[in-house]
Amino acid sequence: MKHLLKLMDLSKKEITDILNLADQLKYEKKNGIEHHILKGKTLGMIFQKSSTRTRVSFEVGMYDLGGSALFLSSNDLQIGRGEPIEDTARVLSGYLDAIMIRTYAQAEVEALAEYGRIPVINGLTDYCHPCQVLADLMTIREQKGMLEGLKLVYVGDGNNMANSLIVGGIKMGMKVATACPDGYTPDPEIIKWAKENGDYTCTPDVLEAVKDADVVYTDVWASMGQESEAEKRRLVFEGKYQVNANVMSVAKPNAMVLHCLPAHRGEEITAEVLEAHASEIFTEAENRLHAQKAVLVKCFENK
Ligand code: CP
Ligand code: NVA
């Protein structure tokens with residue numbers, strides 16, 4: 001794999017290889033075993049949206065791998081003043097060894113890869129969040145010992161997280177269900193692909209979707225860039241699309257709860273459920289570091 005633009009581009013084997021390497025890198029880090037696999041390499045990190053986890057885990061990840069990372073806020077880059085992404089790609093390819101980008105349009109990430117000469121990693125777009133889902137799959141496999149056959153249910157807005165969870169889950173042989181309100185369902189092409197390629201159900205009914213779930217996942221009702229729709233969305237989601245004790249009562253008794261974070265307690269998840277599953281959710285956040293280091297190594301291998 002040269003880039004990580006979206007999970008749809010990866011095979012089951014490529015995902016499995018990333019998860020295996022992530023487990024190994026986690027073990028090595030925990031045991032103080034140095035792994036300077038990317039010694040002297042430089043990653044540029046372009047952020048057009050806020051970030052805690054993605055920024056810090058990529059920066060620390062590059063440091064752990066013996067390289068370095070540059071934080072490039074779009075407010076300070078000429079991109080913010082209209083320099084085309086195609087030109088930025090060609091310029092940055094002359095300085096850096098790889099680029100991570102968090103932005104709005106998926107097309108920008110694809111253009112960066114097309115016009116640049118170095119690996120490009122998608123750190124979240126409006127369309128998908130592949131790095132997060134690799135860490136999620138790692139966390140599920142770590143806890144449950146496998147992925148194949150487990151039921152993964154996403155409750156809430158059919159957003160970037162829903163899109164990537166469907167693709168990642170189906171590719172790894174999981175049963176996937178989404179419970180999203182009408183008008184807020186995941187990407188129609190992804191729904192079509194998932195129905196044709198695996199066990200996927202799409203329903204507006206949360207209790208129907210969550211029944212016998214092994215993993216229950218949720219995310220915010222309004223994503224970054226949708227701030228002006230927050231009130232309108234609240235009216236649609238409130239009281240209906242929340243992971244709470246009642247919803248968890250229909251999942252399997254040992255079901256995990258995951259959240260990409262940041263979480264809005266009292267909205268998409270209750271404080272009670274979040275705290276009851278805090279060890280899973282914060283391990284998931286930690287695993288961003290290990291999974292992304294594996295992604296970086298894999299991208300450099302095939303450069
Ligand atoms: N989950 C996630 O991507 O978090 P950040 O927005 O903090 O990077
Ligand atoms: N759906 C959220 C995910 C944040 C990690 C957003 O795009 O804001």
Side-chain angles (χ1 to χ4, degrees), residues 4-7 22 43-62 69 71-74 99-109 121-140 154-168 178-181 184-187 190 215-230 232-234 236-237 241-243 257-265 267-269 274 277-278 280-293 295-296:
L4 175 59
L5 308 180
K6 54 187 183 300
L7 288 181
L43 173 75
M45 309 187 299
I46 303 175
F47 282 95
Q48 310 228 34
K49 293 175 176 171
S50 304
S51 171
T52 297
R53 281 144 287 269
T54 306
R55 178 185 172 177
V56 178
S57 56
F58 266 107
E59 194 159 336
V60 172
M62 279 306 285
F71 174 69
L72 305 168
S73 161
S74 62
I99 302 176
M100 193 281 324
I101 178 166
R102 166 168 288 196
T103 188
Y104 296 89
Q106 178 71 16
E108 261 183 46
V109 179
I121 298 170
N122 181 344
L124 179 147
T125 59
D126 294 343
Y127 176 67
C128 65
H129 197 0
C131 290
Q132 179 68 52
V133 170
L134 290 169
D136 300 337
L137 294 171
M138 176 185 177
T139 311
I140 298 166
Y154 175 87
V155 175
D157 182 28
N159 60 14
N160 42 13
M161 281 313 313
N163 288 338
S164 285
L165 283 166
I166 295 169
V167 176
T178 54
C180 310
Y184 296 88
T185 49
D187 181 80
I190 289 180
V215 185
V216 180
Y217 203 113
T218 190
D219 184 20
V220 292
W221 295 336
S223 286
M224 290 182 277
Q226 297 172 334
E227 289 76 8
S228 66
E229 293 177 29
K232 183 179 131 205
R233 285 170 169 266
R234 178 185 299 281
V236 175
F237 288 84
Y241 292 88
Q242 182 187 65
V243 175
V257 174
L258 295 179
H259 192 309
C260 55
L261 303 175
H264 292 173
R265 289 168 172 78
E267 295 186 11
E268 77 277 2
I269 189 166
L274 192 150
H277 293 271
E280 291 152 19
I281 292 170
F282 293 104
T283 298
E284 174 191 14
E286 181 197 314
N287 284 344
R288 292 291 303 277
L289 171 66
H290 312 298
Q292 281 157 206
K293 283 163 70 178
V295 167
L296 285 162

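Read the numbers this way: they start at 1 and go in the same order the structure lists the ligands and their atoms.
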Next on the checklist: Taking side-chain contact (heavy atoms from CB on, under 4.5 Å) as the criterion, tell me which of Leu72, Thr54, Thr103 meets it with Phe47.
Outcome noted: Thr54

Item to check | Identified side-chain contact (heavy atoms from CB on, under 4.5 Å) counterpart of Thr218 within the set Ile269, Leu258, Asp157 | outcome: Ile269

Specify the protein heavy atom at minimum distance from [atom]: its residue, its atom name, and the distance to 0.1 Å.
atom                   : answer
atom 6 (O) of ligand 1 : Arg102 NH1, 2.8 Å
atom 2 (C) of ligand 1 : Arg288 NH1, 3.2 Å
atom 4 (O) of ligand 1 : Arg53 NE, 2.8 Å
atom 7 (O) of ligand 1 : Thr52 N, 2.6 Å

Item to check | side chain to side chain contact (heavy atoms under 4.5 Å, CB included) involving Ser57 - partner list, sequence neighbours excluded | outcome: Arg288, Leu289, Gln292

Checklist entry - Contact between Lys49 and ligand 1, counting heavy atoms under 4.0 Å? => result no

Next on the checklist: If we set the cut-off at 4.0 Å for heavy atoms, which region of Gln132 has an atom near ligand 1: side chain, backbone, both, or neither?
Outcome noted: side chain

Nearest 0.5 angstrom please: [X] [atom1] to [Y] [atom2], how far?
X      : Y      : atom1 : atom2 : answer
Leu124 : Lys49  : CG    : NZ    : 5.0 Å
His259 : Asp136 : NE2   : CG    : 11.0 Å
Leu43  : Met62  : CG    : CE    : 5.0 Å
His277 : Glu284 : NE2   : CD    : 12.5 Å

Checklist entry - Would you call the rings of Phe237 and Tyr184 parallel, tilted or perpendicular if under 30° counts as parallel and over 60° as perpendicular? => result perpendicular

Next on the checklist: Counting C-beta onward and ignoring hydrogens, is there a side-chain heavy-atom pair between Thr52 and Pro262 closer than 4.5 Å?
Outcome noted: no

Item to check | Shortest non-hydrogen contact between His129 and Ser164, atoms and distance | outcome: N-OG, 2.9 Å

Next on the checklist: Does any N or O of ligand 1 fall below 3.5 Å from an N or O anywhere on Leu261, backbone included?
Outcome noted: yes

Is there any protein N/O under 3.5 Å from an N/O of ligand 2, and what does the full list of such pairs look like?
unit_1, atom_1, unit_2, atom_2, d
ligand 2, 1 (N), Asn159, ND2, 3.3
ligand 2, 1 (N), Asn160, OD1, 2.9
ligand 2, 1 (N), Asp219, OD2, 2.6
ligand 2, 1 (N), Ser223, OG, 2.7
ligand 2, 7 (O), Asn160, ND2, 2.8
ligand 2, 7 (O), Ser223, OG, 3.4
ligand 2, 8 (O), Met224, N, 2.8

Next on the checklist: I'd like the name of whichever of Ser57, Ala135, Cys260 reaches closest to atom 1 (N) of ligand 1 through any heavy atom.
Outcome noted: Cys260

Item to check | Enumerated ligand 1 atoms positioned under 4.0 Å from heavy atoms of His129 | outcome: 2 (C), 3 (O)

